[in-house]
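Just so you know, these numbers come straight off a predicted model, no measurement behind them. Quick note on labels: first sequence line is chain A, next is B, and so on, each numbered from 1.
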2 protein chains.
Amino acid sequence: MKWWTKLSNPRLTDVAKPTVNDIARVAGVSLATVDRVLNDRPGVRSVTINKVHEAIDKLGYVRDTAAANLARQKTYRFVFVLPDWKGQFLASLERGIAEIIVSAPQNRTEVRTIRVPNHDHTQLAATLAELDPAQVDGLAIMAKETPLVRDAIADLRKRGIPVVSLVSDQPNSDRDHFVGIDNVAAGRTAGTLLGRFAGGQKGKVVVVITNKQSRDMIERRHGFDQVVGANYPHLEPLPSVEGQEDPAHTERVTLRALQQNPDAIGIYSVGASVQGIARAIAAARLPKRPILIDHELTENSAALLRAGVVDAVITQNTGHLARSALRVLRAKCDKTPVIKSQENIRIDIVIRENLPSMK
Amino acid sequence: MKWWTKLSNPRLTDVAKPTVNDIARVAGVSLATVDRVLNDRPGVRSVTINKVHEAIDKLGYVRDTAAANLARQKTYRFVFVLPDWKGQFLASLERGIAEIIVSAPQNRTEVRTIRVPNHDHTQLAATLAELDPAQVDGLAIMAKETPLVRDAIADLRKRGIPVVSLVSDQPNSDRDHFVGIDNVAAGRTAGTLLGRFAGGQKGKVVVVITNKQSRDMIERRHGFDQVVGANYPHLEPLPSVEGQEDPAHTERVTLRALQQNPDAIGIYSVGASVQGIARAIAAARLPKRPILIDHELTENSAALLRAGVVDAVITQNTGHLARSALRVLRAKCDKTPVIKSQENIRIDIVIRENLPSMK
DNA sequence: CTGAAAGCGCTTACAG
DNA sequence: CTGAAAGCGCTTACAG
């Protein structure tokens, strides 16, 4: 059956590919009834349902979603809720979302982004409560895990709106899916790179964290400690210092930590401002450049990677995050299965040599 | 304009979104003429063309590709031509292709894979010559770069079939696009990891290559030498030994190299059978485990990563390769632009800690 | 509970 | 060179 050559029977494979019309004919019912069965709509006798299902099985029907959406004049409307920090990671994520917005009209999809103060659980919950099932077909949310948010998500699901958590999981809510990386593994990856790059040196490691409550931060730190404790016992990770979401504050706390530990051989930035850390390193005038491992590839971290200040960045592709969220949300709407392997977000390791050439 | 709340004007944003009918009305022509202009079909006076274009601009029309394909009853038919080696990388690539085949019917796409003996340029060229533009809408090809293949590609393009090169580029042909990584950068990445993991040790590095002619091999070795020469002068990469595409032969040549250089501190596997290399390491009974950097993540290399025999794998995601080839081919058919950032295949670094959990 | 007919946004013969 | 009409595979009021 080589349809690609001139000699073979032209368009041989085109035969069949059954449509709703074929089902209607075989089942001996009308198009409308086929549609009702196909879409689980009420008001069909079970005998009739069975007849239709038999025809479907017999013909091996697969529905043409594009045609269905066209007829339905369906546009998917998704809302992305993000925290309102100003950091470059979020900017990058927004760019990823902007890209899907650009290609969205092609797919009959509208996407809106809402930024909500991350510390204000009440406002966040209120925003979610405002979402109208008649207007919104799905929600992607990046937020700290709090009881209020958990309940708001449950409520949305009850109203029939699919929800995916983004970047930071809401494992105790009944969100449909988590789009993001395994942060424990990400921390282990950071620990291993730091351990290997240290090449047998003994010493302390300064750990800078955004805040100690955020789930992804906790998981990363945990993974880091696991692997360092097990494989690099000559390294001594210090208690985390908190940089908040503020470069200047991050610089201050990091500088203080470096001054208290001038023999530190490395710094693990669990999610803090890498700019602040770089400035602290410069200000500390250490005898030897410390190894620096950071999370999330941004313009800043890329520049510092190029400059040789940062040694490696553990990251996740924001474009993938956005597209994956979109695909999963669409799948949930269509009630089609998600392809697991495609939605598995990878933990990327970036060093100077494999920096992506373009943004 | 918050359409997501109950309070706002329902479906406010739905207004407009102009269609061909609107264009026809505004331009004062028929649907058929609009269609002709939209698709650059011949037989329209330039005055008319202008009228239509003005209407398009005025209305801000964007075409609905899904509806167009439905009407056109268009199914894309793409052929993937791959070498007939038995290796796991190709198996993985085929799995990536299989995945797009599964989801293909949804997108009115048919994909066929042809395996051609890689050494047989003549048969390869003959296979390409057999491709009928009436039957095939696009070609993705992974093959060594030879004049015969180059000409065959040019010929296909002349017959109007878009061509993308896959994994190994055909830079001197006029293929539409290359789907794959920058292999010089991949080699630099391997060199840097080996250099850093060596942690200041002096010593020789055994380099095992599939064959010395293949373009990707040459580029990787080149990048490796660049970075080691510049940044790790205490390392001494040895001349490449050729493993062919054969594990047993790879084992023999690697073992010989290790016996001749028992003080080698590392091995760079540029694209050879990592199984063969692992067996050679075991057989050589070295005083100290050498650092081993390999390319392409497969079941074998993943197992060796877990076992601590391989230290890092430089790889490219075969799922991305397949999907990217598909998207680019479809874009070429539709004459729509490719989104560069989305089609940029990343150089992935995999260590034990960030191994993907599932295949 | 079921069906006939119109329509989604586009394309395609067929006339003229 | 241009247009009227039918059709792609599905869904949606509207009748009955």
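At the heavy-atom level, A:Val20 lies under 4.0 Å from base atoms of the strands shown. Residue contacts for A:Val29: at a heavy-atom cut-off of 4.0 Å it reaches the sugar-phosphate backbone alone, with no base atom in range.
Heavy-atom nearest nucleotides on DNA chain D were determined for B:Ala71 and for B:Gly28, and the one closer to the 5' end corresponds to B:Gly28. The nearest heavy atom of DNA chain D to B:Arg72 and to B:Arg45 marks one nucleotide each, and the one closer to the 5' end goes with B:Arg45. The 5' end of DNA chain C is approached more closely, in terms of each residue's nearest nucleotide, by A:Gly43 than by the other of A:Ala67 and A:Gly43.
Look at CG on A:Asp64: it is 19 Å from P on D:dG7, rounded to the nearest Å. Rounded to whole Å, atom C1' of C:dA13 lies 15 Å from atom CG of B:Asn39. Between the CG atom of A:Leu70 and the P atom of C:dC10 there is a distance of 9 Å, given to the nearest Å. B:Asn69 places its CG atom 13 Å from the C1' atom of D:dG9, with the value rounded to the nearest Å. A straight line from CZ of A:Arg36 to P of D:dC14 spans 14 Å, rounded to a whole angstrom. Atom P of nucleotide C:dG3 and atom CZ of A:Arg25 are separated by 15 Å, given to the nearest angstrom. Distance, A:Asn21 CG to D:dC8 P: 8 Å, rounded to whole Å. Atom CZ in B:Arg41 sits about 13 Å away from atom P in C:dC10, given to the nearest Å.
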Let's go through B:Tyr76 and B:Leu326 carefully: what are the C-alpha distance in whole Å and the side-chain angles of both, what is the deciding distance for side-chain contact (heavy atoms from CB on, under 4.5 Å) to 0.1 Å, and is it a yes or a no?
CA-CA 10 Å; B:Tyr76 300 91; B:Leu326 190 71; over 6 Å; no
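Checked against D:dG7, C:dG3, D:dG3, the side chain of A:Ala32 finds its nearest nucleotide in C:dG3. Distance from the side chain of B:Leu31 is smallest for C:dT11 among the nucleotides C:dC1, C:dC8, C:dT11. Closest to the B:Arg63 side chain, of the nucleotides D:dG3, C:dC10, C:dA4, is C:dC10. The listed nucleotides are D:dG3, C:dG3, D:dC10; the one nearest the side chain of A:Thr19 is D:dC10. The side chain of B:Thr33 lies closest to D:dG3 when the candidates are D:dG3, D:dA13, D:dT11. Residue B:Asp35 has its side chain nearest to C:dT12 when only D:dT11, C:dT12, D:dT2 are considered.
Between B:Val111 and B:Thr109 the shortest heavy-atom distance is CG2-CG2, 4.0 Å. Between A:Ala143 and A:Gln170, the shortest heavy-atom contact is O-NE2, 2.9 Å. Between B:Asn344 and A:Pro356 the shortest heavy-atom distance is ND2-CB, 4.4 Å.
Judged by Watson-Crick or G-U wobble contacts below 3.5 Å, the nucleotide D:dA4 has no partner. Across the strands present, C:dA13 finds no partner; the criterion is a Watson-Crick or G-U wobble pair with both atom distances under 3.5 angstrom.
Annotation: side chain of B:Thr48 is not in contact with side chain of B:Val37 (no heavy-atom distance under 4.5 Å). Side-chain atoms of B:Leu148 and B:Leu124, non-hydrogen and from C-beta on, never get closer than 4.5 Å to each other.
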